[in-house]
Amino acid sequence: MARVLSCIQPTGPVHLGNYLGALVNWVSGQNRNDVFHGIVDLHALTVTDKPGVIGDQTLQLAAVLFAVGLDPKVATVFVQSHIPAHSQLGWIMECTVSYGELSRMTQFKDKQSKREAEFVSAGLFTYPALQAADILLYDAEEVPVGDDQKQHIEITRDIAMRFNHRFGETFVIPKAVTPPVGARVMDLQDPTSKMSKSTESDAGCVYLLDSPEAIMKKFKRAVTDSDNEVIYDREKKPGVSNLLDILSASTGTAPQALAGQYSQYGKLKSDCGEAVVSILQPIQARYTNLISDPSQLHEMLSVGAIRAEAIAQKTLQRAQQAIGMTPRR
Ligand code: TYM
């Protein structure tokens, strides 16, 4: 049984990329592994500037995580800010990573350029140090993520190895685990960019709580190309290949095999939309139930916080002892 940790930010509605790239693996792993999943509200603070939003988004995200199938009896689902050890180890990690390493993070460069005229917080820059703390606190061996997070897991490994080298064996060295298909779901309107909450238009981003009509419309309008040949080639035919990947992740049939079954884009688009709708409908029904009972959600999160804190606190102490900090008596 592997120790697994992965987290998601409460920065907006969950989309199909989050689901196929990460959440599906979280759910399928929960019965064979010891799994921890965090709603990382401290990370979301890097881009939060309005009061009263983050708490609602945290609760909505909790409802989504339970609705997709995380079972609080076996999976530990917690809110990052409920466990102070994240901030505490986060600082130690900031002191274990270099400015140069953080400067090379493509996610930071991307986010910084997208925020052009907006406030770019120092937290956005030091973000990977807090992410390293999230992972290392739980002695995680595996981190199930989409492709875009691989660099953050790599830097976590580097930080952990540096810490172990400086202060003695303290942290488990984690590895990223990505799904065979769905690790990089692309925007339906711009299939050369990944599907993301931060794109300007919603037309290319399918949200888990979109209505069936909206989902079908987004797929029918998906950008493909003009030659109308269904071939799986992510470089030359990114739009068609993205649809085949989504259909493959939704049905379990390999994208190359699916390509052979279609001669027209129209049918591929509508089949893709229908497959996604049929996966999302039961999730939406469970979401509606869960979100109608906030006190039950709070209760589920508090059970998670107790389990997570017990482990995180021990690891933090181990790290402080390894450094040789004076304990409080
Ligand atoms: P976040 O909140 O952006 O995304 C959550 C998960 O969804 C995956 N994902 C995708 N997968 C496939 N295709 C896409 N278009 C797509 N977009 C998002 C992400 O790879 C991720 O697995 N920094 C992290 C949150 C985090 C974290 C952690 C993750 C904080 N601490 C510790 C793992 C371990 C993030 O912003 O994910």
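One-based numbering, in listed order, for ligands and for the atoms of each. Here the structure is a predicted model, which is why all the values come from computation and not from measurement.
Taking every heavy atom of both residues into account, Arg307 and Pro72 meet most closely at NH2-O, 2.9 Å.
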Derivation of the ring-ring contact (aromatic ring centres under 6.0 Å, His included) call for His152 and Tyr127 = CA-CA 9 Å; His152 285 167; Tyr127 182 113; 5.7 Å; yes
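Taking only nitrogen or oxygen atoms, main chain and side chain alike, Asn18 reaches within less than 3.5 Å of ligand 1. Polar contact check, Ile8 against ligand 1: no nitrogen or oxygen pair lies under 3.5 Å apart. An N or O contact shorter than 3.5 Å is missing between Cys7 and ligand 1 by distance. The N/O atoms of Tyr127, backbone and side chain alike, include one that comes under 3.5 Å of an N/O atom in ligand 1. Considering both main-chain and side-chain atoms, Ser6 never comes within under 3.5 Å of ligand 1 through any nitrogen or oxygen pair.
Nearest protein neighbour of atom 19 (C) of ligand 1, counting heavy atoms only, is Asp148 OD1, 3.3 Å. Annotation: atom 27 (C) of ligand 1 to nearest protein heavy atom, Gln131 NE2, 3.4 Å. For atom 21 (C) of ligand 1, the nearest protein heavy atom (residue, atom name, distance) is Gln149 CG, 3.9 Å. The nearest protein atom to atom 11 (N) of ligand 1, hydrogens excluded, is given as Gly17 O, 3.0 Å; this is a heavy-atom distance.
Counting heavy atoms closer than 4.0 Å to ligand 1, residue Val143 contributes side-chain atoms (C-beta onward) but none from N, CA, C or O. Within the 4.0 Å heavy-atom criterion, neither part of Ser196 lies near ligand 1.
Of all atoms in ligand 1, listed by their number and element, those nearer than 4.0 Å to a heavy atom of Gly182 are 12 (C). Taking every non-hydrogen atom of Ala22 and a distance limit under 4.0 Å, the qualifying atoms of ligand 1 come out as 6 (C), 7 (O), 22 (O).
Nearest to atom 17 (N) of ligand 1 by heavy atom, out of His15, Lys194, Gln9, is His15.
At distances below 3.5 Å, at least one donor-acceptor pair connects side-chain atoms of Trp26 with backbone N or O atoms of Pro144.
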